[in-house]
Amino acid sequence: MNVSPRTGKKAVSLVGLLKEAKSMLIVMQDNPDPDSIASALGLRKIANSQTDAQCTIAFDGTVGRAENRALVQYINMNLRSLTEMDPAKFDVTCMVDTQPGTGNNSFPAGVLPDIVIDHHPVRQTTRKCRFTDIRRNYGSTSTILCEYLKSIEATIEPPLATALLYGIRSDTQDLGREAIKADIDAIYYLYPLANKRVLSQIQRGCVNREYFQMLAEALKNARVYKNSVIIASLGLVNNPDMIGEVADLFGRDDDVTCTLCYGLSAEKILISIRTSDEGIEAGKLVHRLVGRKGTGGGHKTYAGGQIPLAGLTKAASARLEQQISREFLKLLRVAEHPYTKLIQI
Ligand SMILES: [Mn+2]
């Protein structure tokens, strides 16, 4: 794997910064996806191989998706709740696969992390951090971490290789979505080091019985507009990952180019958007959709957002849900009527 000169320089300054620390906090996304989990693990490996710093990996929410749960179980990761952490108690704080103020992490607003490594569009606040490496063109943050590990010649054991490989594969949908040469190179590099048997088990992670009920609800509620847009409400979900998972599933429909799924969890409306329409940017769409009411962000073909519901009555939150789907259709210039049900029950 070729490591760019930029990575080499960045790795040196990252290690320099980490060497100053006795303790470090690594913050992942809330309800972390495999890329977020693998990146945290990669960063911890850099710290462990070069410094004496004690690492704590933390997040808020849950690891819900069956594949992600299987991954966390395999790597035997000790994950902590971010709400129980006081960032001031750590010498260095880091964020991976997310940035300050994006709304998809629970790091206290107003506190600047020291280190941010990510592949989402760069935020104003991020620029104020001591160390940043934001590569928007990269398919995954795991790819960046893989380059760092190669650059410092760290040994990548099978669990870490498997996690990074899965992080890249899942963010890029097996290199089919927003992947660049660097992602492909990283996959080639990691593949011989990863545990292929476990990788295959992770991809077929077991689900609990509720999963099918949630899926049935989503399918039942899904509406198709102009034969190309699907909107589905999942109602109250105790597994927020389900929203993105169902959006991915609808994206597989032959004729669908745009999907919006939303559901309620922890006093928030959570939104997932997927698009295969070249003329539409999912990240921008979600921004316009949540407006000032919430936060959101993402990539060209996939994005997510959240709007806090605290204090809203049931009726008001139902109105907000309606408003979101109406606004989504308006942004796509698709009429609200007529629509058809995705499936007949
Ligand atoms: Mn990512």
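All values below were derived from every heavy atom in this structure, side-chain atoms included, with hydrogens, water molecules and symmetry-related copies excluded. Just follow the structure's listing: the first ligand is 1, and inside any ligand the first atom is 1.
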With carbon and hydrogen excluded and only N/O/S kept, which atom of [X] is nearest the Mn ion (ligand 1)?
{"X": "Asp171", "result": "OD2"}
{"X": "Asp97", "result": "OD1"}
{"X": "Asp35", "result": "OD2"}

Got an N, O or S from [X] under 2.8 Å of the Mn ion (ligand 1)?
{"X": "His119", "result": "yes"}
{"X": "Asp33", "result": "no"}
{"X": "Asp118", "result": "no"}

Is there a donor-acceptor contact under 3.5 Å from the side chain of Asn31 to the main chain of Thr62? yes
With no hydrogens and no angle check, just 3.5 Å: does a side-chain donor-acceptor pair link Asp277 and Thr257? no
Any Asp171 side-chain heavy atom under 4.5 Å of Ser142 side chain: no
Given salt bridge (Lys or Arg N to Asp or Glu O under 4.0 Å), test Arg130 with Glu20 step by step and report yes or no. CA-CA 13 Å; Arg130 285 166 77 193; Glu20 293 172 17; 3.2 Å; yes
Just one of Lys9, Lys10, Arg135, Arg6 clears the salt bridge (Lys or Arg N to Asp or Glu O under 4.0 Å) bar with Glu147, so which one? Arg135
